[in-house]
Amino acid sequence: MRNDAESGVRLRAGDTEVTVEPERGCRIASLRIGGTEVLRQGERFGSFVMVPWCGRTRQGRLHSGGETYQLPVDSGEHAIHGTVRRRAWRTARSDERAAAFFCDLTEPWPWPGRVTQLVELAEDGAGLTLTLGVETFGDSFPAQAGWHPWFLRNLGRGGGDVTLDFAPAWQEERGADQVPTGRRTDPGPGPWDDCFGMPDGVDVTLTWPGELELRVTSRCEWVVVYDEQAEAVCVEPQTGPPNGLNTHPRLVTPIDPLEATTTWTWRRPDQELS
């Protein structure tokens, strides 16, 4: 495990290496499996944390407890992906295979609180588990938690582009403003920038033919799939749909923090998938 300003926090197990950059939103900056990078690099890279909301909040307006709060508008007319992805986090502890990080919720979020992320590599290096916690320092507040990974569409080794396999129960209808209308429809064909309901938990398999199979699972009941760009495919487990602070509020209370976990497991063609 290395921990320095340039490399971030590096975890290793088996033939897998994970790099976390706490100074850049506690982003999983790199996931290298057998020497092959799986996450996009460059301007939009790695996998970032979405807290205290996921996706777009319509016009940045949060309605809670009879009050309306204005969140920073940073995606057209909407507020997107929370506040902690651009914040510097602190490292609480780390060893060869696991590390814990935290970041305090401050302005422009209306309520004080704390976000934690635990990053754990499986002992054999064939899996990665990410666990988020959101707690309040005082009053209760609505919150969401999730992850936004940029998986490479092509691993750059001469193989084919990634394919997706998942079976959602419904698709959230997307309005002209890119926010769910509240109507649920039968899942439609891609390309997508859409939210899907998976009430039994998120379960999505990405396959790079002949090279790698990676399965994203979570007890979260929503997943956003975004594949409307050339270089990457995003599979985003989250605790509620876009604009969910208003439509599906989940309160974080002093005795009931919000917790969410996702696990990625992988295998090569000659290995069993967990």
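Residue numbers count from 1 along this sequence. The basis for the numbers below is simple: all heavy atoms, side chains too, and nothing from hydrogens, waters or symmetry mates.
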| query | So, are Arg184 and Asp194 salt-bridged, with charged N and O less than 4.0 Å apart? | reply | no
| query | Side chains of Arg114 and Thr136: do they bring a donor and an acceptor to under 3.5 Å? | reply | no
| query | Aromatic ring centroids of Trp266 and Phe151 under 6.0 Å? | reply | no
| field | Heavy-atom pair with the smallest gap, counting every atom of Ala143 and Val252 | value | CB-CG2, 3.8 Å
| note | All heavy atoms of Pro142 vs all of Leu62, minimum pair found to be CG-CD1, 4.1 Å
| field | Whether His148 and Trp150 hold their rings parallel, tilted or perpendicular, with breakpoints at 30° and 60° | value | tilted
| task | Locate the shortest heavy-atom distance separating Pro149 from Leu39; write the atom from each residue and the value. | result | CB-CD2, 4.5 Å
| Residues Thr217 and Thr263: side-chain donor-acceptor under 3.5 angstrom | no
| Is any side-chain N of the basic residue among Asp203 and Arg219 closer than 4.0 Å to the acidic one's carboxylate O? | no
| message | Any carboxylate oxygen within less than 4.0 angstrom of a Lys/Arg side-chain nitrogen, looking at Arg86 and Asp74? | response | yes
| task | Work out which heavy atom in Gly197 is nearest to a heavy atom in Trp222; give both atom names and the distance. | result | CA-CD1, 4.4 Å
| field | Glu17/Arg12 ion pair, N-O < 4.0 Å | value | yes
| request: Go through the steps for Leu105 and Phe137 under the test side-chain contact (heavy atoms from CB on, under 4.5 Å), then give the verdict. | output: CA-CA 9 Å; Leu105 290 171; Phe137 287 161; over 6 Å; no
| said: With heavy-atom distances below 4.5 Å as the criterion, would you say the side chains of Val20 and Cys26 are in contact? | reply: yes
| query | Which pair of non-hydrogen atoms, one from Ala13 and one from Leu121, has the smallest distance, and what is that distance? | reply | N-CD1, 3.7 Å
| task | Step through the shown structure and confirm whether more than 12 heavy atoms of other residues, nucleotides or ligands are within 6.0 Å of CG on Asp139. | result | no
| query | Are Arg27 and Phe45 in a cation-pi setup, meaning NZ or CZ lies under 6.0 angstrom from the ring centre and within 45 degrees of the ring axis? | reply | yes
| task | Could you give me the CA-CA distance, side-chain angles and deciding distance for Leu245 and His248, then say whether side-chain contact (heavy atoms from CB on, under 4.5 Å) is met? | result | CA-CA 6 Å; Leu245 290 181; His248 295 75; over 6 Å; no
| task | Establish, from distance only, whether the side-chain atoms of Glu259 and Thr131 form a donor-acceptor pair under 3.5 Å. | result | no
| request: Run the numbers on Phe48 and Trp89 for ring pair (Phe, Tyr, Trp, His ring centres under 6.0 Å), then give the verdict. | output: CA-CA 12 Å; Phe48 64 82; Trp89 292 48; over 10 Å; no
| task | Write down the atom of Pro254, the atom of Gly138, and the distance for their closest heavy-atom approach. | result | CG-O, 3.4 Å
| query | Could you state the interatomic distance from CG (Asn246) to OG (Ser64), rounded to the nearest 0.5 Å? | reply | 8.5 Å
| message | Applying the side chain to side chain donor-acceptor pair (under 3.5 Å) criterion to Asp177, which one of Arg58, Arg56, His78 satisfies it? | response | Arg58
| Under 3.5 Å, is there a donor-acceptor pair between the Trp53 and Gln238 side chains? | no
| task | Please check if any side-chain donor atom of Trp109 sits under 3.5 Å from a side-chain acceptor atom of Glu107, or the reverse. | result | no
| field | Side-chain H-bond candidate by donor/acceptor type, Thr16 with Arg32, under 3.5 Å | value | no
| query | Between Arg97 and Asp124, is there a side-chain N and carboxylate O pair less than 4.0 Å apart? | reply | no
| message | I'd like to know if the side chain of Thr181 pairs up with that of Glu173 as donor and acceptor (distance under 3.5 Å, no hydrogens or angles considered). | response | yes
